[in-house]
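Quick note: numbers below take in every heavy atom, side chains included, and nothing from hydrogens, waters or symmetry partners. Each chain gets a letter, A, B and so on, in the order its sequence line appears, and its residues count up from 1.
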2 protein chains.
Amino acid sequence: MGETPPFLSDPETTRESIMHATYLALCEHGYAGLTIQRIGEQFEKSKSLLYHHYDDKDELLLSFLQFMLEEHQSSVPETVDDGADERLDAMLDVLLPPTLDEEEQGFTAAMVELRAQAAHDQRYREQYAEHAHAFHEHLVSVIEDGIEEGVFRDVDPDQVAQFLGTLTNGAMTRRVTGGGDESVTATRAEVNAYIDRVLRAGTEGGE
Amino acid sequence: MGETPPFLSDPETTRESIMHATYLALCEHGYAGLTIQRIGEQFEKSKSLLYHHYDDKDELLLSFLQFMLEEHQSSVPETVDDGADERLDAMLDVLLPPTLDEEEQGFTAAMVELRAQAAHDQRYREQYAEHAHAFHEHLVSVIEDGIEEGVFRDVDPDQVAQFLGTLTNGAMTRRVTGGGDESVTATRAEVNAYIDRVLRAGTEGGE
DNA sequence: GGCCGCTTACTGAATATTCAATCAGTATGG
DNA sequence: CCATACTGATTGAATATTCAGTAAGCGGCC
């Protein structure tokens, strides 16, 4: 846990470097133990410099949340040349991989911890609502495409997208909070059953 | 937020009272802001008394986690006289209600925040793994019953239970972290589609 | 009954540590 | 020479935890 994720392995700006340090401190100590001191320890420059770039801890952490959400967003592929069913499959493969390497594990844990803050912090909630909305729209458009292409049934794209979003959220959380990888592999397998039976058009109820 | 939940409205022992105070402090300040001082503020007796009943903050919070998990467990119904499909439906109605009152909202938020700690604290992870296992077994037995009764297809009970567990986890998290109630109502509706098409036996692919 | 000794529940003040944040001051580069 | 990047020392508040001491219940025992 706490490995350098590839996306910021060599930060170019000081602010990026601070985001990097914050990430490492979060992985090591958890959100509740995330202090300016500990961020400073992971930071190659001095602790006081943090206050030169951010007004206070609050602003730093909110920036960090945005930073992480952007990173997460950019990890979901946006293929366009494939069919809708293949695009959906590709998304689910990225969102529900059978295992995670240490790096991905740390990132996922960080995301789960950050997300939980939204339960009592409205600004975090707003950030997540925005982020979830973008992801939702992405899913909706893939499903709509599938319906137009005739590979998906005439389902309610919004409803299906919420369903899949909930599922991927749950899998992400579960994996790093006691569920283990097997909870995700089983979920992934059953999602396929769902897609085949509920979503996919074709010879109705094809066994 | 921070209403007294019915399950500990009038604590009988001092330790129960401390759990109550901890719950209120968690609702008000979040896990990261959960200090002994603030627990003491919600507690009718003195702050130092906390150390008479618990070795340190760590032990208090771990006890609190167990306490909350037990409460959560007891909120899921265990009907026996109904058919398996009705029992499953009843469980999902409890786990994915269309809305939450303020009390339930606070409880859910607290559970989500606590759970996230498991991402970097192994003891929390162990507690959750145990809790999740019990819930999983409960689901499995309902599904197995359904298969025996002939109301469910011959699915893999373990896989389906993981799927539904992931789903309910995700819904719980999502609702209080920016998804809102509509994400859950949509999910609930689509779970019905899943149950009808994938799980339920009978006139195959019944529209 | 009434006093004793022991345990348990409880308190308020005090401790050392850690926290976020400030600030005066030093480089450095255009 | 001015702005920006940066540092080390420092402040005061908040932190977890301790501790000496009070109050109250309780079983025995003269």
(message) With a 4.0 Å limit, can you tell me whether B:H53 has a side-chain N or O closer than that to the phosphate oxygens OP1/OP2 of C:dT8?
(response) no
(message) Keeping A:E59 on the side-chain end and A:D55 on the backbone end, is there a donor-acceptor pair under 3.5 Å?
(response) yes
(message) I'd like to compare against my own output: the B/S/- annotation of nucleotides 15-30 of chain C with a strict under-4.0 Å heavy-atom distance to protein.
(response) ----SSBBB-------
(request) Identify whether NZ of Lys or CZ of Arg in B:R15 sits under 6.0 Å from the centre of the six-membered ring of B:Y54 and within 45° of that ring's axis. (result) yes
(request) Could you check how far NZ of B:K45 sits from C1' of D:dT22, rounded to whole Å? (result) 15 Å
(message) I need the minimum non-hydrogen distance between B:F163 and A:T187, along with the two atoms involved.
(response) CD1-O, 3.9 Å
(message) Is the shortest side-chain heavy-atom distance between B:V176 and B:M111 below 4.5 Å?
(response) no
(request) Find the distance B:L50:CG to D:dC19:P and express it as a whole number of Å. (result) 17 Å
(message) For the CD1 atom of A:I36 and the NZ atom of A:K57, what is their distance to the nearest 0.5 Å?
(response) 6.5 Å
(message) Between B:Y194 and B:L199 (side chain of the first, backbone of the second, donor and acceptor by atom type, cut-off under 3.5 Å), is there such a pair?
(response) no
(message) Tell me the interatomic distance from B:H52, atom NE2, to C:dG12, atom P, rounded to whole angstroms.
(response) 16 Å
(request) Quickly work out the B:L49 CG to D:dC19 P distance and round it to whole Å. (result) 17 Å
(message) Report for the helix from C:dG1-D:dC30 to C:dG30-D:dC1: angle between first-end and last-end helix axes, five pairs each, rounded to 10 degrees.
(response) 10°
(message) Before you tell me yes or no, could you show the steps for A:H131 and A:H72 under ring pair (Phe, Tyr, Trp, His ring centres under 6.0 Å), namely the whole-Å CA-CA distance, both residues' side-chain angles and the distance that decides it to 0.1 Å?
(response) CA-CA 9 Å; A:H131 177 254; A:H72 188 239; 5.5 Å; yes
(request) Let me see the working for B:E182 and A:Q162 under side-chain hydrogen bond (donor to acceptor under 3.5 Å, both in side chains), right down to the final yes or no. (result) CA-CA 9 Å; B:E182 66 273 22; A:Q162 289 284 11; 5.8 Å; no
